[in-house]
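Written below as structure tokens is the structure these notes are about.
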Amino acid sequence: MEYSHPYVPRDLNLPGFVPGFLSQSTILGGFGIASAAVISFIWFLSGRCAKISKTDRLLMCWWAFTGLTHMILEGYFVFAPEFYKDKTGFYLAEVWKEYSKGDSRYAGRDSGVIAVEGITAVLEGPACLLAVYAIAAKKSYSYILQLAISLGQLYGTAVYFVTSILEGDNFSVSPFYYYAYYIGANGWWVLIPFLILIRCWIKICAAVQVQQTRNKTKTR
């Protein structure tokens, strides 16, 4: 039996499409609960680390959340090209069937989206988890790593939005899905990495300035 998909453009070719089994509230609720569990666990765990500020604990929560999101959620999209054919109600397939209402390029396997998500899942995901460890262990590369990941996230998000604009920016079922999924869900990966980037820049500059001052003192 052939089903018609709900996505835009309506002539998007998705042979074998199967409608989603889970409701929007179930999908979003599941994501919210899983995210809250990860954040709560990392917050509890970070509290057992010696002399870690609340800001760093929050950053550990963010990096754990975004790292697992990249690896699990986006990783599934990259390596499951026919998720829209899923007949089992598998949660990750349901997530992307639902999200494609906000950006049908996912269901249509747009090459630009696949490239961005592939790099994000394979490289940035593990790097985010490394950042959690770096903060907890107070590694010297912590700020450089966080700055690099944030730059990567900002670049990836910029490519994601710009390519959509260049292709007509008409991939959402309705304004609700456009602003809730396409803009709202991705906006956090602009705001938070930008704030982290500024913080890391300040920290790195301050450390370099201290080192330069020490070197000048030694040469006198």
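Both backbone and side-chain heavy atoms feed into the values below; hydrogens, waters and symmetry mates do not. Numbering of residues begins at 1 and proceeds along the displayed sequence.
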Residues at least two apart in sequence or cross-chain that pass side-chain hydrogen bond (donor to acceptor under 3.5 Å, both in side chains) with Ser46, listed by chain then number, are Arg57
Pair Ser142-Gln146, side-chain donor/acceptor within less than 3.5 Å: yes
For Val162, the hydrophobic cluster (side chain heavy atoms closer than 4.5 Å, chained through members) also holds Leu166
**Message:** Grouping I, L, V, M, F, W and Y whenever their side-chain heavy atoms are under 4.5 Å apart, do Tyr155 and Ile192 come out in a common cluster?
**Reply:** no
The reported gap from OH in Tyr99 to CG in Leu28 (rounded to nearest 0.5 angstrom) is 12.5 Å
Looking only at heavy atoms, the pair that brings Met60 and Ala136 closest together is CE-CB, 3.7 Å
Open item on the list: Taking Ile202's backbone N and O only, do any of them form a donor-acceptor pair with Tyr143's side chain (distance below 3.5 Å, no angle check)?
Closed with: no
Exercise for the section: For side chain to side chain contact (heavy atoms under 4.5 Å, CB included), just list the numbers for Met71 and Val122, CA-CA rounded to whole Å, side-chain angles, deciding distance to a tenth of an Å, and then say yes or no. Expected result: CA-CA 7 Å; Met71 293 172 67; Val122 175; over 6 Å; no
Tell me whether Phe90 at atom CZ has more than 12 heavy atoms from other residues, nucleotides or ligands lying less than 6.0 Å away. yes
Do Gln153 and His70 get their side chains close enough for a donor-acceptor pair, meaning under 3.5 Å?
-> yes
Only one of Asp110, Asp103, Asp169 passes side-chain hydrogen bond (donor to acceptor under 3.5 Å, both in side chains) with Ser164, and that residue is Asp169
If Ile, Leu, Val, Met, Phe, Trp and Tyr residues are connected whenever their side-chain heavy atoms lie under 4.5 Å apart, and connections chain through other members, are Phe77 and Tyr84 in the same group? yes
Take atom CZ in Arg10; do more than 12 heavy atoms of anything else shown fall under 6.0 Å from it?
-> yes
Output for pair (Leu129 CG, Thr66 OG1), nearest 0.5 Å, gives 9.5 Å
Residue set satisfying side-chain hydrogen bond (donor to acceptor under 3.5 Å, both in side chains) with Thr163, at least two apart, ordered chain then number -> Arg105
Hydrophobic cluster identity match, Ile42 and Leu58, side-chain contacts under 4.5 Å: no
Sorted by chain and residue number, the ring pair (Phe, Tyr, Trp, His ring centres under 6.0 Å) partners of Phe41 (sequence neighbours excluded) come out as none
- Message: Counting the benzene-type ring for Trp, do Trp62 and Trp189 have ring centres under 6.0 Å apart?
- Response: yes
Are a donor atom and an acceptor atom from the side chains of Tyr106 and Glu117 found within less than 3.5 Å of each other? yes
Quick note, side chain to side chain donor-acceptor pair (under 3.5 Å) partners involving residues 22-36, not counting sequence neighbours, are Ser23-Ser25, Ser23-Thr26, Gln24-Glu98, Gln24-Tyr181
Rounded to the nearest 0.5 angstrom, the CG-NE2 distance for Leu14 and His5 is 4.5 Å
The reported gap from CD1 in Ile52 to CD1 in Ile135 (rounded to nearest 0.5 angstrom) is 8.0 Å
Hydrophobic cluster identity match, Phe65 and Ile27, side-chain contacts under 4.5 Å | yes
query = Do Val159 and Leu197 sit in the same hydrophobic cluster, where Ile, Leu, Val, Met, Phe, Trp and Tyr count as joined when their side-chain heavy atoms come under 4.5 Å apart?
reply = no
Taken to the nearest 0.5 Å, the spacing of Lys54 NZ from Trp43 CH2 works out to 6.5 Å
Contacts of Phe161 meeting ring pair (Phe, Tyr, Trp, His ring centres under 6.0 Å) (sequence neighbours excluded), chain-then-number -> Tyr182
Donor-acceptor pair, distance only, cut-off 3.5 Å: does the side chain of Lys101 make one with the backbone of Tyr178? no
- Task: Establish, yes or no, whether a centroid distance under 6.0 Å links the rings of Phe83 and Tyr76.
- Result: no
Taking atom OH as the centre, does Tyr141 end up with more than 12 heavy-atom neighbours from other residues, nucleotides or ligands that are less than 6.0 angstrom away? yes
- List the steps and the verdict of salt bridge (Lys or Arg N to Asp or Glu O under 4.0 Å) for Asp56 and Lys51. CA-CA 10 Å; Asp56 280 330; Lys51 297 180 180 178; over 6 Å; no
(Q) Would the distance check show the side chain of Glu94 and the main-chain N or O of Leu22 forming a donor-acceptor pair, the cut-off being under 3.5 Å? (A) yes
Correct closest heavy-atom pair for Ala107 and Ser100 would be N-OG, 3.3 Å
CD1 of Ile149 to CD1 of Ile196, rounded to nearest 0.5 Å, is 8.5 Å
### Query
Judged by atom type as modelled, is there a donor-acceptor pair below 3.5 Å linking the side chain of Arg109 to the main-chain atoms of Glu82?
no
* Side-chain contact test, heavy atoms from C-beta onward, threshold under 4.5 Å: evaluate it for Pro6 versus Phe17 and give yes or no. => yes
